[in-house]
There are 2 protein chains.
Amino acid sequence: MFSVSAKTQYAIRAMAHLARLEGRSATASEISSAEGIPLKFLEGILTQLKTVGLVGGERGKNGGYRITAAPESVTMLSIVEAMDGSVKPVQCVETAGACAQGGACLPRKFWIGLKDAIDAYLGSRTLKDIAEG
Amino acid sequence: MFSVSAKTQYAIRAMAHLARLEGRSATASEISSAEGIPLKFLEGILTQLKTVGLVGGERGKNGGYRITAAPESVTMLSIVEAMDGSVKPVQCVETAGACAQGGACLPRKFWIGLKDAIDAYLGSRTLKDIAEG
DNA sequence: CTTATTCCTATCGACTTGATAGGAATATAC
DNA sequence: GTATATTCCTATCAAGTCGATAGGAATAAG
Ligand code: FES
Ligand code: FES
């Protein structure tokens with residue numbers, strides 16, 4: 001239950017790898033072999049991380065990826081959301097009054113509470129906590 | 001991300017229904033039409049809830065399901081676990097030393113922290129909180 | 001013996017996920 | 001300006017999961 005996708009786990013490993021480089025860049029190939037992540041899969045992940053701004057990418061020869069912010073300012077929540085979207089236990093967390101009970105729906109409040117608990121935890125941990133710098 | 005299966009949502013609705021009956025029994029058919037849950041799907045859910053002991057079932061004519069404990073003593077965690085198993089963001093939460101870093105694996109500690117946060121929230125809420133009795 | 005019900009097993013289509021493949025775009029180096 | 005290294009884009013695939021359905025066996029009441 002509540003299992004995390006391989007994609008997100010890979011993303012965290014990749015981000016941790018880049019964090020240890022302290023701003024220097026690495027190619028997808030390097031990260032792939034160092035972290036044991038399938039290259040083509042990793043490429044997609046890095047592109048996704050780039051569109052969110054967590055990493056910067058430079059094309060062409062001598063290109064590669066670099067981290068764009070200090071590891072201690074990158075929350076785990078931002079990585080998870082970049083991969084699999086926002087934490088949303090049930091659909092109706094973002095649309096009030098979806099069911100018959102309207103705005104006073106107890107189940108909905110319960111699930112929102114869960115979302116808040118998860119967001120709070122993921123938002124309180126940063127890349128630095130897991131990068132082992 | 002972290003979406004909850006329809007099965008679990010159905011299970012909670014079914015349990016809430018039974019909770020409102022305060023120990024009286026209801027058939028799967030009744031719950032099905034009252035809560036809008038596909039009958040055959042619901043049957044499986046109730047059987048599963050029974051094996052865990054959250055509900056009791058009686059076969060044959062005049063049979064049905066009844067709740068076995070007071071709603072305030074049934075945690076949401078117990079329902080969720082009955083449906084989809086224990087909270088386990090990554091496989092290695094239950095097997096230490098799975099990766100190269102051994103017991104000091106920082107990612108693992110991070111995921112275990114998430115599990116604990118989720119378990120704490122789900123364990124702190126009970127059926128009573130959502131049954132609206 | 002009929003009827004109502006739980007319970008067991010099998011199956012199905014749709015969707016998701018992890019992974020692969022091929023190649024276009026882009027930048028460097030010589 | 002050609003070769004090379006790299007990011008980036010799009011398509012595809014096999015395997016698994018999920019929600020749902022179907023048929024019927026076991027059981028109990030009357
Ligand atoms: S709004 Fe989602 S269950 Fe009521
Ligand atoms: S034990 Fe799971 S990542 Fe180290």
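Chain A is the first sequence line, chain B the second, and so forth, proteins listed ahead of strands; every chain is numbered from 1. Nothing here was measured: the structure is a model prediction, and the numbers come from that model.
With sequence neighbours excluded, the residues satisfying side chain to side chain contact (heavy atoms under 4.5 Å, CB included) with A/Ala98 are A/Cys92, A/Thr95. A/Gln101 is linked by a side chain to side chain contact (heavy atoms under 4.5 Å, CB included) to A/Cys99, A/Cys105, A/Pro107, B/Glu132, counting only residues two or more places apart in sequence or in another chain.
For A/Leu39 and C/dG18, the CG to C1' distance is 15 Å, given to the nearest whole Å. The interatomic distance linking A/Tyr65 (OH) with C/dA27 (P) rounds to 13 Å, in whole Å. Rounded to whole angstrom, the span from the CD1 atom of A/Ile37 across to the C1' atom of C/dT20 amounts to 16 Å. In this structure, A/Met83 atom CE and C/dA19 atom C1' are separated by 16 Å, rounded to whole Å. Rounded to a whole Å, the NZ atom of A/Lys50 is 11 Å from the C1' atom of C/dT26. The nearest whole Å value for the distance from the CZ atom in B/Arg59 to the P atom in C/dA4 is 17 Å.
B/Ser5 comes within 4.0 angstrom of sugar-phosphate atoms only, judged by non-hydrogen atoms across all strands, and of no base. Nucleic acid contact for B/Gly64: sugar-phosphate only, since backbone atoms but no base atoms lie under 4.0 Å from a heavy atom of the residue. Base engagement by B/Glu43 is indicated by at least one non-hydrogen atom pair under 4.0 Å involving a base atom.
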List the steps, then state whether side chain to side chain contact (heavy atoms under 4.5 Å, CB included) holds for B/Leu54 with B/Ile67.
CA-CA 6 Å; B/Leu54 287 175; B/Ile67 203 171; over 6 Å; no

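Between B/Asp129 and B/Arg125 there is no salt bridge, since none of the side-chain N atoms of the basic residue sits less than 4.0 Å from a carboxylate O of the acidic one.
For the pairing with B/Tyr121, the ring-ring contact (aromatic ring centres under 6.0 Å, His included) check across A/Trp111, A/Tyr121, A/Phe110 returns one residue only, A/Phe110.
Nucleotides of DNA chain D nearest to A/Thr47 and A/Lys61 differ in position, and the one nearer the 5' end is that of A/Lys61.
Taking every nucleotide of DNA chain D with any atom under 4.0 Å from a non-hydrogen atom of chain B, the first and last of them, 5' to 3', are D/dG19 to D/dG30.
Connection of B/Leu18 to B/Val52 is established within a shared hydrophobic cluster, with ILVMFWY side chains joined at heavy-atom distances below 4.5 Å, either directly or through further cluster members.
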